[in-house]
Amino acid sequence: MLDKFRLYRRSIDRYHADWFSRAAQLADRLGVEPSIPRRTARQQHRNNVPAKNEEEYYKLVVTIPMLGMQAQFFLKKFLISLSLDNYIP
């Protein structure tokens with residue numbers, strides 16, 4: 001499973017393009033248009049992500065962090081289960 005997340009992360013442009021197009025199609029059916037939050041010259045409470053379009057913005061803000069969190073979650077669960085195996089008689 002971790003190998004799959006690593007593959008996704010190495011080829012993020014290809015996978016994200018597919019995932020974003022699917023999400024955009026679903027959003028279109030629901031009447032929602034993907035957009036980038038407005039940017040300011042000086043941002044205090046969230047990052048001013050340097051993205052050219054909506055697809056790149058969501059890749060940087062949603063997809064990459066989500067893959068990292070999921071990989072860490074599975075790694076932690078896997079390591080806990082391995083360590084528990086050592087304690088079961």
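The first residue of the sequence shown is numbered 1, and numbering continues consecutively from there. Since the structure is predicted, the reported quantities are computational estimates derived from the model, not experimental observations.
Phe20 meets the ring pair (Phe, Tyr, Trp, His ring centres under 6.0 Å) test with His16; sequence neighbours excluded. Arg29 is linked by a side-chain contact (heavy atoms from CB on, under 4.5 Å) to Leu26, counting only residues two or more places apart in sequence or in another chain. Applying the side-chain contact (heavy atoms from CB on, under 4.5 Å) criterion to Gln72, with sequence neighbours excluded, gives Leu75. Evaluation of the side-chain contact (heavy atoms from CB on, under 4.5 Å) rule for Val62 yields Tyr58 as partners, not counting sequence neighbours. Considering only residues two or more places apart in sequence or on other chains, Phe74 meets the ring pair (Phe, Tyr, Trp, His ring centres under 6.0 Å) condition with Phe5. For the side-chain contact (heavy atoms from CB on, under 4.5 Å) test, no residue two or more places apart in sequence or in another chain qualifies with Ser35.
Put simply, the side chain of Ser11 never gets that close to the backbone of Tyr8: no donor and acceptor are under 3.5 Å apart. The closest donor-acceptor contact from the side chain of Gln70 to the backbone of Met66 lies at 3.5 Å or more, if one exists at all.
Taking CZ from Arg10 and CG from Asp3, the interatomic distance works out to 8.0 Å, rounded to the nearest 0.5 Å. The line from CG of Leu30 to CD of Gln25 is 12.0 Å long, rounded to the nearest 0.5 Å.
When all heavy atoms of Leu67 and Ile12 are compared, the pair lying nearest together is CD1-CD1, 3.4 Å. Across Pro65 and Lys59, no two heavy atoms sit closer than the pair CD-O, 4.2 Å.
In terms of hydrophobic clustering, with Ile, Leu, Val, Met, Phe, Trp and Tyr side chains grouped at heavy-atom distances under 4.5 Å, Val32 and Tyr57 are assigned to different clusters. Residue Leu7 is grouped with residue Trp19 when hydrophobic side chains (ILVMFWY) are merged at heavy-atom distances under 4.5 angstrom, including chains of intermediate members.
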Check against salt bridge (charged side-chain N to carboxylate O under 4.0 Å, His left out), Arg14 and Asp18: CA-CA 7 Å; Arg14 180 171 43 116; Asp18 179 46; over 6 Å; no
